[in-house]
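Just below is one structure, and these are the notes that go with it.
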Amino acid sequence: MESNPTDLSALVISDKEFKMISELVLDKVGIHLADNKRTLLVGRFRKYLLENKLTFTEFHQKILADKTGNMQNDLTNMITTNHTFFNREATHFAFFLKTVLPEIDLDMKQNKKSDIRIWCAASSTGEEAIMIKLKMMEHFGVRYNSLNAGMLATDISTKVLNQARSGIYLQDNFKDLDPKIIDKHFKKVSPEKYKVNDNIIADIHYTIFNLVTGHYNFKQKFQVIFCRNVMIYFDSPTKEKVINSLYNVLEPGGYLFIGHAESLSRIKHSYLDIQPAVYRKPQ
Ligand SMILES: C[S@@+](CC[C@H](N)C(=O)[O-])C[C@H]1O[C@@H](n2cnc3c(N)ncnc32)[C@H](O)[C@@H]1O
């Protein structure tokens with residue numbers, strides 16, 4: 001039955017239509033849509049079709065004909081789950097501060113280097129990248145300004161990247177952050193919203209990157225990669241491909257942080273297992 005754009009509460013996505021969307025998503029976005037995501041997807045589709053006054057068939061025809069990439073963006077924004085918050089999986093940031101940054105610092109001093117290259121992959125709205133930056137500032141203090149220490153923060157969704165660039169966050173996202181940090185680094189801009197100070201996001205370079213289809217040809221390797229809570233959306237072969245692509249762009253001795261719910265146990269890889277959800281490339 002063709003869906004009627006004026007009565008979307010009755011929108012039913014047939015098995016055939018769900019298969020068509022799943023194939024599109026796998027082909028264009030690289031995400032494997034499991035059957036258990038169907039209810040979620042249908043809900044988001046309903047909203048999108050209603051807002052754009054489209055039937056399912058019209059949507060499908062339009063996306064296949066679209067050469068601008070806008071429809072693919074819409075599809076990506078529709079299917080991705082961007083939930084994140086400050087200090088999520090806090091043990092990682094503690095380990096980064098206590099162990100990883102002192103090691104990087106020592107290596108810089110011993111080898112007279114001044115650059116730090118960190119990649120926050122699947123950064124969503126930027127809370128994770130800001131946490132990394134705050135920990136770097138905490139470790140280096142005023143020395144931070146004399147370092148060549150930019151950060152790459154990427155995501156597949158243009159919507160979350162734009163939000164990250166704005167630096168504006170809802171009060172709810174701060175629940176796990178020390179109020180002293182909020183006072184020091186954020187300004188209240190409305191009763192529920194805060195804006196992060198410019199000096200925090202000035203050297204975070206937010207850009208689009210699809211971990212599945214992207215080309216990992218970076219000029220220099222990274223000392224640390226955070227790639228957390230995104231591989232849960234990938235099937236095993238995709239996860240293995242991404243994990244090994246990240247390995248190739250890590251420096252020897254570099255660290256990889258993944259989400260605590262994401263295991264590498266069934267994946268072929270060469271990382272050393274350091275602690276829960278922390279891996280290291282051998283020296
Ligand atoms: C649940 S959020 C995780 C955010 C953050 N890393 C954290 O741990 O809180 C997952 C993010 O992965 C992004 N994502 C999904 N598939 C992706 C892909 N193939 N390449 C890059 N990012 C992707 C989504 O847009 C979303 O912002």
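Indexing begins at 1, ligand by ligand and atom by atom, following the structure's order. Just so you know, residue 1 is the first one in the sequence shown, and it goes up from there.
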protein heavy-atom neighbour closest to atom 4 (C) of ligand 1 works out as Ala122 O, 3.4 Å
Query raised in the report: Within the distance-only criterion (no hydrogens, no angle test), does the side chain of Glu240 pair as donor or acceptor with the backbone N or O of Lys268 below 3.5 angstrom?
Result: yes
Atom 8 (O) of ligand 1 sits nearest the protein heavy atom Asn229 ND2, 2.8 Å
Mind checking whether Phe209 has a heavy atom under 4.0 Å from ligand 1?
yes
Ranked by distance from atom 2 (S) of ligand 1, the top protein heavy atom is Thr81 O, 3.4 Å
Checklist entry - For Tyr233, is at least one N or O under 3.5 Å away from an N or O on ligand 1? => result no
Within 4.0 Å of some non-hydrogen atom of Leu211, the atoms of ligand 1 are 18 (C), 19 (N), 20 (N), 21 (C)
Heavy-atom proximity to atom 5 (C) of ligand 1, picking from Lys159, Glu128, Met231, Glu262, points to Glu128
of all protein heavy atoms, closest to atom 27 (O) of ligand 1 is Asp155 OD2, 2.7 Å
Any heavy atom of Glu89 under 4.0 Å from ligand 1? The part involved is neither
Honestly, for Ile31 the part within reach of ligand 1 (heavy atoms, under 4.0 Å) is side chain
Closest to atom 22 (N) of ligand 1 (heavy atoms only, candidates Ile258, Ile156, Thr158) is Ile156
Check: Looking at ligand 1, does any of its N/O atoms fall within less than 3.5 Å of an N/O of Thr84?
Finding: yes
Arg228-ligand 1 polar pair, N/O distance under 3.5 Å: yes
Going by the 4.0 angstrom heavy-atom rule, the piece of Phe234 near ligand 1 is side chain
re atom 15 (C) of ligand 1, the protein heavy-atom contact at minimum distance is Val230 CG2, 3.6 Å
Looking at Ile79, Asn210, Thr154, the heavy atom closest to atom 19 (N) of ligand 1 belongs to Asn210
query: Any nitrogen or oxygen of Ser157, main chain or side chain, under 3.5 Å from a nitrogen or oxygen of ligand 1?
result: no
